[in-house]
Novice: 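After the structure tokens below, expect a handful of questions from me.
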Amino acid sequence: VEIPEIDWNFELPSIELPSFSGGGSGSTGGSGDYEVGRLEFSMSEDEFRSAVNSAIATGGVVYLTGNVHIGSDLSITSAITIDGQGKYFICADFVTLAFQNVTFRNCYNKTIKDIEHENSWCGGFGGALQLGECTATLTNCKFINNKAGLEGGAIVINNWVEQGTVTITGCTFQQNTVGSIVDGAPHSDCDIEASGQYLTVVLGGGNSSTRTSNIINYSANATSRGTW
């Protein structure tokens with residue numbers, strides 16, 4: 001049997017690798033940018049708490065060096081500023097929080113499409129604070145120049161499995177924004193997005209916003225008490 005000669009001098013076709021950022025066309029005709037990847041929390045809770053304690057001692061500023069996940073109860077009642085440096089935000093779940101006289105500024109919760117779960121969005125919810133299954137009290141706080149990719153330029157609150165009450169009193173919301181529509185993703189252009197059948201939002205009065213509409217959006221049977 002004669003074995004044919006094989007020519008090994010061939011070229012592989014060029015293959016264009018997918019980019020880890022991109023955009024899509026929303027179902028309503030809009031478009032927006034997002035990253036494909038995982039939501040990372042690179043500033044540890046211990047690092048964050050240490051920075052908060054230092055800022056309380058000096059009346060200074062906490063500069064976030066990464067997204068922060070809070071997994072235990074936290075109370076800050078001193079006049080400090082938390083600055084996201086235009087890149088980072090704070091996430092908390094299943095905890096009790098109390099913030100008084102705290103300024104949240106320049107935080108950013110960017111839109112991320114989960115690399116491991118198709119059509120799942122794991123970033124972009126709440127520019128400064130993303131609260132899940134929490135009870136929280138926000139008193140005389142300021143939310144300034146924060147941005148979310150998808151929902152809630154300042155705050156997103158979700159209580160789907162555990163009863164929680166979030167009370168907002170005397171807080172100021174200034175120039176908080178939401179990104180443009182992204183294909184297949186939820187979108188809510190407001191300061192505060194509140195959802196979940198186990199959530200009650202109490203507006204204690206004295207709150208203000210530079211928005212004249214779409215300040216707070218209630219969805220999925222969230223309960224509200226008080227008026228803006």
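The residues of the chain are indexed from 1 along the displayed sequence.
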Novice: Under a 4.5 Å side-chain heavy-atom rule over Ile, Leu, Val, Met, Phe, Trp and Tyr, are I216 and L199 clustered together?
Specialist: yes

Novice: With rounding to the nearest 0.5 Å, note down the distance linking NZ in K110 to NZ in K147.
Specialist: 12.5 Å

Novice: Should F143 and Q174 be marked as a side-chain contact (heavy atoms from CB on, under 4.5 Å) after you check the CA-CA gap, both sets of side-chain angles, and the distance that decides it?
Specialist: CA-CA 6 Å; F143 294 83; Q174 298 177 348; over 6 Å; no

Novice: Locate the shortest heavy-atom distance separating G126 from F89; write the atom from each residue and the value.
Specialist: O-CD1, 4.2 Å

Novice: How far apart are the closest heavy atoms of R38 and I112, and which atoms are they?
Specialist: O-CD1, 4.0 Å

Novice: Here's a test for you: under side chain to side chain contact (heavy atoms under 4.5 Å, CB included), which of V201, I192, T223 qualifies with Y218?
Specialist: V201

Novice: Looking at every heavy atom in both G149 and V178, which two are closest together, and how far apart are they?
Specialist: O-CG1, 4.1 Å

Novice: Are the side chain of N158 and the backbone of G132 linked by a donor-acceptor contact shorter than 3.5 Å?
Specialist: no

Novice: Report whether L74 and F41 are members of the same hydrophobic cluster (ILVMFWY, side-chain heavy atoms less than 4.5 Å apart, transitive linking).
Specialist: no

Novice: Has the side chain of R105 got a donor or acceptor atom that lies under 3.5 Å from a matching backbone atom of K142?
Specialist: no

Novice: Taking all heavy atoms of P186 and all of E151, pick out the closest pair and write down the distance.
Specialist: CB-OE2, 3.2 Å

Novice: Same hydrophobic cluster for F48 and I56, using side-chain heavy-atom links shorter than 4.5 Å among ILVMFWY?
Specialist: yes

Novice: Can you name the nearest heavy-atom pair linking C141 to F99, along with the distance?
Specialist: SG-O, 3.4 Å

Novice: Whether the side chain of N146 engages the backbone of C107 through a donor-acceptor N/O pair (distance < 3.5 Å, no angle test) should be reported.
Specialist: yes

Novice: First locate atom CG of N159, then atom CD of Q197, and finally report the distance between them rounded to the nearest 0.5 Å.
Specialist: 9.0 Å

Novice: Could you tell me whether the side chains of E45 and S72 share a donor-acceptor contact shorter than 3.5 Å?
Specialist: yes

Novice: Rounded to the nearest 0.5 Å, how far does CZ of R49 lie from OG of S54?
Specialist: 14.0 Å

Novice: Flag yes if V102 and V68 sit in one hydrophobic cluster, no otherwise; membership is Ile, Leu, Val, Met, Phe, Trp, Tyr, and two members link when side-chain heavy atoms are under 4.5 Å apart.
Specialist: yes

Novice: Can you tell me which residue among D93, N67, N109 is in a side chain to side chain donor-acceptor pair (under 3.5 Å) with Q130?
Specialist: N109

Novice: If I compare all heavy atoms of M43 with all of A51, which pair ends up nearest, and what's the gap?
Specialist: CE-CB, 4.3 Å

Novice: Whether the side chain of N176 engages the backbone of G127 through a donor-acceptor N/O pair (distance < 3.5 Å, no angle test) should be reported.
Specialist: no

Novice: Between E133 (side chain) and E162 (backbone), is there a donor-acceptor pair under 3.5 Å?
Specialist: yes

Novice: Any side-chain to backbone donor/acceptor pair from D73 onto T96? Under 3.5 Å, distance only.
Specialist: yes

Novice: When rounded to the nearest 0.5 angstrom, what distance separates CZ in R225 from CG in L203?
Specialist: 10.0 Å

Novice: Between H69 (side chain) and E40 (backbone), is there a donor-acceptor pair under 3.5 Å?
Specialist: no

Novice: List the steps and the verdict of side-chain contact (heavy atoms from CB on, under 4.5 Å) for V166 and I155.
Specialist: CA-CA 11 Å; V166 175; I155 309 171; over 6 Å; no

Novice: Counting N and O atoms only, with roles assigned by atom type, does the side chain of Q175 sit under 3.5 Å from a partner on the main chain of I144, one being a donor and the other an acceptor?
Specialist: no

Novice: Looking at OG1 of T135 and CG of L97, how far apart are the two atoms once the value is rounded to the nearest 0.5 Å?
Specialist: 9.0 Å

Novice: Which of parallel (below 30°), tilted (30 to 60°) and perpendicular (above 60°) describes W228 and F173?
Specialist: tilted

Novice: May I ask you to test the R211-D189 pair for a side-chain heavy-atom distance under 4.5 Å?
Specialist: yes

Novice: What's the separation between atom OH in Y198 and atom CD in Q163, rounded to the nearest 0.5 Å?
Specialist: 8.0 Å

Novice: So Y108 and L64, do their side chains get closer than 4.5 Å, heavy atoms only?
Specialist: no

Novice: Please test L150 against V156 for side-chain contact (heavy atoms from CB on, under 4.5 Å), starting from the C-alpha separation and ending with a verdict.
Specialist: CA-CA 10 Å; L150 297 176; V156 160; over 6 Å; no

Novice: Can F125 be reached from I70 by stepping across I, L, V, M, F, W or Y side chains whose heavy atoms are under 4.5 Å apart?
Specialist: no

Novice: For the side chain of S78 and the backbone of I80, is there at least one donor-acceptor N/O pair under 3.5 Å apart?
Specialist: no

